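Being a predicted model, the structure only gives us computed values, none of them experimental.
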Amino acid sequence: LPRTRTKRHNKQTAVVDCCRCNVVARLLRVSFLDSTTELCTKHPAVIMSFAPTEVTSSPDGLTVYTFYLECLAHGSYVVAHEGNCFIMDPRRDIGIYTNCLVENNLKLKGVCESHLHADFVSGHLELHKRYGATIFIGDQAGAKFPHYPVAEGEEFILSSKYSITTLATPGHTPGCITYVVQNRATGEAVKAFTGDTLFVGGCGRPDLVGSIIEGMTPEVLATAMYNSLYNKIAKLSPKCQVFPAHGPGSPCGKGISADLSSTIGTELATNPAFQFKTVEEFVEWDTSGLDTAPQYFSNAVLTNMEGAADTAIELSQIARLDVDAFKAKMADAIVLDTRNAADFAAEYVPGSLNIPAGKAGGVQLGFEDGNFAIWVGSLIAPKATILIVSDAGMEEESIDRLGRIGYAEQIVGVLEGGFPSWKSAGGDIETFEKVVLKNAAHVEELQAEGKVFIDTRTAGEFDCVVRGHLKGAINLPLAHLEELLKDLDKSKQYIVYCLGGFRSAIATSLLRKNGVNAVDIKGGYDHGVLPVACQATTAHADACMPEKVVAV
């Protein structure tokens, strides 16, 4: 079974993997060492990652298990009734669904893909191999794995009371499908799994497949999106619940709400996508203000088109390297350090790129966490070779997380024992101190000394009239930073910030990797600037009120 390797090299790794073995043992209804249960209580993130984020049940037992992954801003679902279920838009690591099926005595009848995803690699093929369940995907999607090609108006039986019907809802891609759970007796729609067509507070972007499919311009797909939203989804019952594939932070849309679900009625009243009188107005809105798509997207689509390899097989092929073997590969690889930003600043392998993975498997994000996998895929090319440096015992976690976007096969090695092993072996180490701002005068002093502030947020965030930015700062969005490096004066020192510290940590490591003298602000703009130096910013007065901000 995946995650149950027996070779162990240190205590912390053994603790984490014993916990995983205990979970597997529980799923198989067999006993395991009692001590592992105690160990698991010390590592709740391992267990928590198997639990659904939210469970909603109707009085008649119709249940939706929501699995939301904050790191990828991705929602997947198990919809169940009378012991049968379908899985909607599954992610790569399928253990969460295995757990759900076993714990709730469910039979998997099918795996439903709303489209070929670009932002993550799906687990549909592995689920098909393990359970024999049919994969359903749109007949216009271009899938090359074994599947049932879904068209408009298909019906799949879920239970004696409910069925799943299909709406062809092109717009995000030509092959998008919305899966609607309806009452078989009345025909009323009760749940709609809208994929990347309708989000809570937004809709899917129309510009991702133009480079792959000739003629599918953003304008063509935005016109199709208008028809899908206004002439199909809007016709569903106002009480019908909406379960989208993404939440805030996803590159697949804009203005997405933090709510995990909604209703058709609420979206018709509040979603900006439904507030246009003409298709021309909608197309103009839907095609404007879109951030650059991460460079890994096309690679993920191609992987999903063929179907990804089994996770366990992929992970088993990645070498665990001692320090000497790791050093031997460094010249031809990107060294990716997945530790948190504070630990990286304190000591790191020279020339490494810091993209913090966070502490909860990407299921939940802390204030200084961010979209780890998305930023890896944005800043590291799909075919680049990667070496991993992590916290001790977190090597496998880093691999798992990269596997979610199809990057595990690019990893040529993981430093066994994490950064502590590098330090113990006497490897070269670099360090820097984060800046803690004292007040607005401190900002002015730093600028008088010739230091330059870099704001790595998006242009929209930088120009926001409410929250503003540091006066005199230059805006170099993280997504474009590497191509803008040539414009920086390496004789100057740069002080970097973003909203919460995640993007600025990445940017600082990227700048230092390229010979630029850079440090970042502890706590980011929200916790490290506004509470103490708001007068040095262009922020509206309300944003500077003490109750609005919290200092580090």
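- Geometrically, Arg91 does not engage Phe67 in a cation-pi contact, judged by NZ or CZ lying under 6.0 Å from the ring centre and within 45° of the ring axis.
- Using a 4.5 Å heavy-atom threshold, the side chains of Leu336 and Val376 count as touching.
- In this structure the side chain of Val389 reaches within 4.5 angstrom of the side chain of Phe326, judged on heavy atoms.
- Between the side chains of Ser504 and Thr456, no donor-acceptor pair of N or O atoms lies under 3.5 Å.
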>> Go through it in stages, so that I can follow the logic: the residues are Trp375 and Arg503, the test is side chain to side chain contact (heavy atoms under 4.5 Å, CB included), and I'd like the CA-CA distance, side-chain angles, deciding distance and then a yes or no.
In response: CA-CA 9 Å; Trp375 279 111; Arg503 285 172 288 178; 3.9 Å; yes
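- For Arg320 and Glu395, the salt-bridge test fails: no basic side-chain N is under 4.0 Å from an acidic carboxylate O.
- Contact annotation: the side chain of Lys329 approaches that of Leu321 to within less than 4.5 Å [non-hydrogen atoms, C-beta and beyond].
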> How far apart are the C-alpha atoms of Tyr131 and Ile87, what are their side-chain angles, what is the distance that settles it, and do they pass the side chain to side chain contact (heavy atoms under 4.5 Å, CB included) test?
Replying inline: CA-CA 12 Å; Tyr131 294 101; Ile87 297 176; over 6 Å; no
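- Heavy atoms of other residues, nucleotides or ligands lying less than 6.0 angstrom from NZ of Lys144 number 12 at most.
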> Would Arg401 and Tyr407 count as a side-chain hydrogen bond (donor to acceptor under 3.5 Å, both in side chains) if you check the C-alpha gap in whole Å, the side-chain angles of each, and the deciding distance to 0.1 Å?
Replying inline: CA-CA 9 Å; Arg401 300 279 294 280; Tyr407 269 41; over 6 Å; no
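- Smallest separation of non-hydrogen atoms from Tyr497 and Ala473: OH-CB, 3.7 Å.
- Scanning both residues, Ala80 and Cys85, for their nearest heavy atoms gives CB-CB, 3.8 Å.
- Residues Asp337 and Asp343 form no side-chain contact, since every pair of their non-hydrogen atoms from C-beta on lies 4.5 Å or further apart.
- Residues passing the salt bridge (charged side-chain N to carboxylate O under 4.0 Å, His left out) test with Asp455, sequence neighbours excluded: Arg457.
- In this structure, Lys490 and Asn517 have side chains that are not in contact, with every pair of non-hydrogen atoms separated by 4.5 Å or more.
- For Glu449, the CD atom counts as densely surrounded, since its 6.0 Å shell holds more than 12 non-hydrogen atoms of other residues, nucleotides or ligands.
- Between the side chains of Ser122 and Glu113, a donor-acceptor pair is found at a separation under 3.5 Å.
- Side-chain atoms of Val412 and Ile318, non-hydrogen and from C-beta on, never get closer than 4.5 Å to each other.
- Of the charged side-chain nitrogens involved, none lies within less than 4.0 Å of a carboxylate oxygen, so that Glu430 and Lys513 do not count as a salt-bridged pair.
- You'll find the ring centres of His74 and Tyr68 outside the 6.0 Å limit.
- The aromatic rings of His246 and Phe199 sit perpendicular to each other, their planes meeting at more than 60°, with 30° as the lower class boundary.
- Shortest non-hydrogen contact noted between Ala118 and Ala300 is O-CB, 3.1 Å.
- Scanning both residues, Tyr296 and Asp119, for their nearest heavy atoms gives OH-O, 2.6 Å.
- Side-chain contact between Ile386 and Ile380: present, with at least one pair of heavy atoms (C-beta onward) separated by less than 4.5 Å.
- Ring-centre distance between Tyr65 and Tyr77: not below the 6.0 Å cut-off.
- A side-chain donor-acceptor contact under 3.5 Å links Ser114 and Asp89.
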